Protein chains: 2
Amino acid sequence: MRATGAATPGSPLDPTASVPATVAVGGAAIPEATVARLPVYLRALTALADAGTTTCSSEELAAAAGVNSAKLRKDLSYLGSYGTRGVGYDVEYLRYQIAREIGVTQDWPVVIVGIGNLGHALANYSGFRSRGFRIVALLDAAAGRRGEEVAGLPIRSFDELESVVAEHRVAIGVVATPAAAAQEVCDRLVAAGVTSILNFAPTVLAVPEGVDVRKVDLSIELQILAFHEQRKAQAEGGAARAADAAEVIA
Amino acid sequence: MRATGAATPGSPLDPTASVPATVAVGGAAIPEATVARLPVYLRALTALADAGTTTCSSEELAAAAGVNSAKLRKDLSYLGSYGTRGVGYDVEYLRYQIAREIGVTQDWPVVIVGIGNLGHALANYSGFRSRGFRIVALLDAAAGRRGEEVAGLPIRSFDELESVVAEHRVAIGVVATPAAAAQEVCDRLVAAGVTSILNFAPTVLAVPEGVDVRKVDLSIELQILAFHEQRKAQAEGGAARAADAAEVIA
DNA sequence: ACCGGTTTGTTCTCACGTTCACAAACTCCT
DNA sequence: AGGAGTTTGTGAACGTGAGAACAAACCGGT
Ligand SMILES: NC(=O)c1ccc[n+]([C@@H]2O[C@H](COP(=O)([O-])OP(=O)(O)OC[C@H]3O[C@@H](n4cnc5c(N)ncnc54)[C@H](O)[C@@H]3O)[C@@H](O)[C@H]2O)c1
Ligand SMILES: NC(=O)c1ccc[n+]([C@@H]2O[C@H](COP(=O)([O-])OP(=O)(O)OC[C@H]3O[C@@H](n4cnc5c(N)ncnc54)[C@H](O)[C@@H]3O)[C@@H](O)[C@H]2O)c1
């Protein structure tokens, strides 16, 4: 059902969101779907640059990013005309333009709240740094964790949130607490001045206008896979792999 | 820009995917966007049930799930007519119907490959179990990790993949290895018979027809937030918080 | 200077997804 | 039994996104 290279249903355009859908303000309007793909292009371009490629066609870049080349060209056209007809795109130049458009030419300071299993993994993740983000503080409510160092940063009290946000001008917060605490933590983050939140807890967060929330939900992803898996099993006549987990209806 | 309660752009409808878009086979066709929301409804219903609620209206459930109530009703209508006009939905009954539709009335066996920072967190995550999944094996290539126990399961050699998949009839695999190894691991998983993959590595995986891939990409999520954050800063006149990370263009 | 080959930027069309609005259907009360 | 009030299920209108197709623009060679 899914084709090679263009293989994924996966992340950004959230059907759970009831929202505008294009992003206008200073520059031109950029469709939300395009915004969600820009980071993918950026990554593909970085990989090409690392491989020593200096120029690439929309076809090549599209293949590397796993999208249709027409879609890629249309996406890029929202940013401007950075290619050369008959030639293609200059990898380094385009990479910079996309990075600038996304806003990751400088680092964004980020706080992580909830340094448990997941918080530790996030704190240790080096991919942040190279992609435009800098973790400036790790906060946790549990007194037991206080003082422990993770990836060179001490775990601090959640009560230090306000001063940390003010000091580093933090705009982005990550919530990695249990679901029960997520809304409360979110409220505190917003009150402290954070206007973008990445939520790992399995809850719907309510936030005031002007605050963006994105969620990463592992169980949802797996359940979507399970749904398709079940359909595949049914398509095979029901005698398939997950027959024990799937009852045939039709 | 985003409204309370319906706050998120967040996950499932991936603009990186060039794909059909409705899911037909045994039962009726269900739009992909709807499939992506069913797990959210399921979670909201579980929360309601835990709170002792036995009946709810589409309005209430929609609020709990963070979506428009018309959208909710239309989504549910794809599954059948499980509500009662003038009354609403029976929480427990609807919960079961959705769980059955998704295919999580029984547990799906899952293997995790790459037990590093992230793999450890995933292995320790209890939310899996309660949502229809059972981790049956942890695999890692590094000999150094061999034998270590995580959450009651031993870390086994990646070479045991085929036998594990065969033994437990595993259909779903999780890739938590470095990006460089992801495609190779993915190929092995597919060859072993896995037909659904959840990928945490920042790479585009190429898979044959019939295999589903979903990706969870933290950096992409953060970059999307950064984009909007930058726009907010520009909207405020450029003198805003992240002025150092955002140049005003006009 | 011109011509063939190549690749972008864009237009046009179609499919998908969201939302409104309302008739059908149910409950409860009189 | 009937009517008022409530809530579902869905038809229709609108907006957004995807992809095919093509004209405009560029390069290199002659
Ligand atoms: N571990 C995973 O792989 C995984 C996967 C998907 C989702 N999640 C979700 O991510 C969240 C964290 O998961 P985890 O496994 O790290 O849990 P965890 O219990 O290991 O860690 C949670 C941490 O949050 C801290 N905390 C609790 N209340 C707090 C508060 N009010 N303020 C600040 N900190 C607080 C706790 O002290 C603890 O350190 C959970 O919501 C979980 O459902 C985890
Ligand atoms: N840690 C995070 O919070 C985080 C966040 C986002 C994305 N990621 C991505 O998730 C992946 C894992 O991250 P991590 O921090 O756990 O990395 P890690 O280096 O801690 O762990 C990777 C593990 O994979 C194993 N491995 C390497 N090659 C393998 C192979 N061919 N077969 C089987 N196992 C192999 C290694 O032995 C190691 O145990 C990376 O691609 C990373 O970019 C991690």
Side-chain angles (χ1 to χ4, degrees), chain A residues 2-3 5-6 8-9 11-24 28-38 41 55-63 65-91 93-94 97, chain B residues 3 6 8-9 11-24 28-38 41 55-63 65-91 93-94 97:
Chain A
R2 313 257 123 48
T8 306
S11 135
L13 213 57
D14 187 354
T16 290
S18 53
V19 200
T22 52
V23 182
I30 298 186
E32 196 54 44
T34 296
V35 172
R37 280 187 294 265
L38 291 180
Y41 302 154
T55 279
C56 72
S57 68
S58 63
E59 205 73 47
E60 293 172 89
L61 183 54
V67 302
N68 181 294
S69 71
K71 201 192 293 186
L72 170 77
R73 288 198 300 275
K74 183 178 274 188
D75 284 340
L76 294 184
S77 76
Y78 291 114
L79 313 192
S81 286
Y82 296 133
T84 307
R85 298 177 191 219
V87 178
Y89 301 92
D90 181 277
V91 172
Y93 179 61
L94 183 59
Q97 293 301 336
Chain B
T8 305
S11 135
L13 214 58
D14 187 354
T16 291
S18 51
V19 200
T22 52
V23 182
I30 297 184
E32 194 55 42
T34 296
V35 171
R37 280 187 296 265
L38 292 180
Y41 302 153
T55 278
C56 73
S57 68
S58 63
E59 207 73 47
E60 294 172 89
L61 183 53
V67 302
N68 183 295
S69 70
K71 201 193 289 190
L72 170 77
R73 287 199 299 277
K74 178 154 279 191
D75 284 342
L76 295 184
S77 77
Y78 291 114
L79 314 190
S81 286
Y82 296 133
T84 307
R85 298 177 191 219
V87 178
Y89 301 92
D90 181 277
V91 171
Y93 180 60
L94 183 58
Q97 293 301 336

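Numbered from 1 within each chain, the chains take letters A, B, ... in sequence-line order. All values derive from a computational prediction rather than experimental measurement.
Although no hydrogens or angles enter the test, the distance criterion places a donor-acceptor pair under 3.5 Å between the side chain of Ser57(B) and the main chain of Glu60(B).
As rounded to whole Å, 14 Å separates atom C1' of dT8(D) from atom CG of Leu79(B). In this structure, CG of Asp90(B) is placed 15 Å from C1' of dT7(D), rounded to the nearest angstrom. Atom pair Lys71(B):NZ and dT10(D):P shows a separation of 19 Å (rounding to whole Å applied). Put simply, CG on Leu76(B) is 9 Å from P on dT8(D), counting in whole angstrom units. Distance Arg73(B) CZ to dC20(C) P: 10 Å, rounded to the nearest Å. For Asp75(A) and dT11(C), the CG to P distance is 16 Å, given to the nearest whole Å. Rounded to whole Å, the distance from CD on Glu32(B) to C1' on dA15(C) is 15 Å. In this structure, Arg37(A) places its CZ atom 11 Å from C1' of dT16(D), rounding to the nearest Å.
A donor N or O paired with an acceptor N or O is found under 3.5 Å between the base of dT19(C) and the side-chain atoms of Lys74(B).
Here Tyr89(B) reaches the OP1 or OP2 of dG9(D): one of its side-chain N or O atoms lies under 4.0 Å away. Taking side-chain N and O atoms only, Ser58(B) has a distance below 4.0 Å to OP1 or OP2 of dT8(D).
Closest-nucleotide positions on DNA chain C for Gly86(A) and Ser77(A) were compared, and the one nearer the 5' end corresponds to Gly86(A). Taking for each of Thr34(A) and Ala70(B) the nucleotide of DNA chain D with the nearest heavy atom, the 5'-most of the two is the partner of Ala70(B).
Side-chain proximity of Thr84(A) to the nucleotides dC26(D), dG19(D), dG9(C) is greatest for dC26(D). Here the nucleotide nearest the side chain of Arg85(A), chosen from dT19(C), dA25(C), dA24(D), is dA24(D). When the nucleotides dT7(D), dA21(C), dC27(D) are ranked by their closest atom to the side chain of Val87(A), dC27(D) comes out on top. Of all nucleotides listed (dT18(C), dG17(C), dG9(C)), dG17(C) comes nearest to the side chain of Pro31(B). When distances are taken from the side chain of Ser81(B) to each of dT8(D), dG17(C), dG9(D), the shortest belongs to dG9(D). Ranking dC26(C), dC26(D), dC20(C) by closeness to the Asn68(B) side chain, first place goes to dC20(C).
At a threshold of 4.0 angstrom between heavy atoms, the contacts of Tyr82(B) are confined to the sugar-phosphate backbone, with no base atom among them.
Side-chain contact annotation: Thr55(B) with Asp90(B), donor-acceptor N/O pair under 3.5 Å absent.
In summary, the aromatic rings of Tyr82(A) and Tyr89(A) are positioned with their centroids too far apart to meet the 6.0 Å limit.
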For Leu94(A) and Leu61(A): C-alpha separation, side-chain torsions, deciding distance, then whether side chain to side chain contact (heavy atoms under 4.5 Å, CB included) applies.
CA-CA 11 Å; Leu94(A) 183 59; Leu61(A) 183 54; 3.9 Å; yes

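Counting only heavy atoms from C-beta outward, the side chains of Leu79(B) and Thr34(B) never approach each other to under 4.5 Å.
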